[in-house]
*Asks:* 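Below you'll find the structure I mean.
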Amino acid sequence: VLDDPDLKDIDPTVLKHCHAAAATCILEAGKQKADISAISTCLEDCKLDKERIEQFCTEYQKNKDALEILLGSIGRAPLHITDVSWRLEYQIKNNQLHKTYQPSYLVTLNVENSDSGLHPDVSFSCTMEQLQDLVGKLKDAAKSLERATQM
């Protein structure tokens, strides 16, 4: 957006604020499942001219279904890890049949969301060093949380 030649005379800070305001308006309209008349009334209160309101409402109506699907997939609360399982995987050969002898860990996080219950498990593969790094960061997070609750 900042590279658009039609917008080169506008202060970048003002442009960013306008973009944030438009995104907020679109997201709130999608969250509230607002109809066109409610959106038009809101934009009229913001002193937008009739032509821009019509253009905004037309574009919103075109993308409303996709927006609602996207908002529905986000959910209202972050995922909560309920269990962790892992197994050691030992790769002996690669695709070119060269011997590699590389151990890795397959980690599966069982997660749930308070909004809609269970979600598909999150799985990933990592090396010993990556797993140690993850465990270290989790320990740091636990210590930070412990300190914060003692205050």
Side-chain angles (χ1 to χ4, degrees), residues 1-4 7 12-43 45-46 48 52-151:
V1 173
L2 293 174
D3 297 335
D4 191 325
L7 304 174
T13 305
V14 172
L15 197 57
K16 287 179 185 178
H17 286 291
C18 291
H19 185 269
T24 301
C25 179
I26 292 165
L27 289 175
E28 284 300 316
K31 262 186 5 185
Q32 303 296 327
K33 296 187 186 256
D35 61 356
I36 297 301
S37 64
I39 296 170
S40 295
T41 302
C42 180
L43 294 176
D45 291 345
C46 293
L48 262 69
R52 288 186 188 213
I53 293 172
E54 287 176 15
Q55 185 178 9
F56 182 89
C57 289
T58 301
E59 289 300 315
Y60 177 80
Q61 195 64 34
K62 275 194 237 175
N63 297 294
K64 183 178 179 183
D65 293 337
L67 176 66
E68 288 179 359
I69 291 169
L70 179 64
L71 289 174
S73 70
I74 294 172
R76 297 175 195 258
L79 297 176
H80 177 72
I81 299 173
T82 58
D83 194 16
V84 177
S85 59
W86 61 273
R87 69 174 192 197
L88 179 62
E89 177 182 67
Y90 202 75
Q91 183 178 3
I92 298 172
K93 294 182 179 183
N94 62 15
N95 290 346
Q96 291 79 30
L97 299 176
H98 296 104
K99 294 181 181 180
T100 58
Y101 303 112
Q102 293 180 336
S104 65
Y105 292 91
L106 295 174
V107 180
T108 301
L109 305 176
N110 301 97
V111 295
E112 68 178 23
N113 186 310
S114 60
D115 288 346
S116 59
L118 293 176
H119 276 265
D121 295 340
V122 176
S123 297
F124 59 92
S125 177
C126 59
T127 64
M128 170 71 91
E129 293 80 19
Q130 291 169 327
L131 187 59
Q132 287 174 336
D133 186 46
L134 175 63
V135 169
K137 287 179 181 178
L138 289 173
K139 286 180 181 178
D140 290 345
K143 286 179 188 175
S144 295
L145 185 59
E146 189 177 317
R147 281 194 299 267
T149 57
Q150 290 176 353
M151 291 182 173

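In this text the structure is predicted, and so the values were computed from the model without any measurement. Sequence positions, counted from 1, serve as the residue numbers for this chain.
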*Asks:* Looking at L67 and G30, what are the two nearest heavy atoms and their distance?
*Replies:* CD2-CA, 3.8 Å

*Asks:* Mind checking the CG-OG1 spacing from D83 to T108? Nearest 0.5 Å is all I need.
*Replies:* 10.0 Å

*Asks:* Test: salt bridge (charged side-chain N to carboxylate O under 4.0 Å, His left out). Region: residues 126-151. Which pairs qualify, not counting sequence neighbours?
*Replies:* D133-K137

*Asks:* How close do S125 and L106 get, heavy atom to heavy atom, and via which atoms?
*Replies:* CB-CD2, 3.7 Å

*Asks:* Nearest 0.5 Å, please: how far is CG in L131 from SG in C126?
*Replies:* 4.5 Å

*Asks:* What distance separates I53 CD1 from T58 OG1, expressed to the nearest 0.5 Å?
*Replies:*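 If I round to the nearest 0.5 Å, the distance is 11.5 Å.
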
*Asks:* Between V84 and N110, which heavy-atom pair has the shortest distance, and what is it?
*Replies:* N-OD1, 4.2 Å

*Asks:* As a test of understanding, state which of Q61, Q55, K62 forms a side-chain hydrogen bond (donor to acceptor under 3.5 Å, both in side chains) with E59.
*Replies:* K62

*Asks:* Taking the side chain as C-beta and beyond, is there a heavy-atom pair between Y105 and L134 under 4.5 Å?
*Replies:* no

*Asks:* Let's go through D35 and S37 carefully: what are the C-alpha distance in whole Å and the side-chain angles of both, what is the deciding distance for side chain to side chain donor-acceptor pair (under 3.5 Å) to 0.1 Å, and is it a yes or a no?
*Replies:* CA-CA 6 Å; D35 61 356; S37 64; 3.2 Å; yes

*Asks:* If every non-hydrogen atom of C57 is compared with every non-hydrogen atom of I39, which pair is closest and at what distance?
*Replies:*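 For C57 and I39, the tightest heavy-atom pair comes out as SG-CG2, 4.0 Å.
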
*Asks:* How close do F56 and C25 get, heavy atom to heavy atom, and via which atoms?
*Replies:*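 Reported closest heavy-atom pair: CZ-SG, 4.0 Å.
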
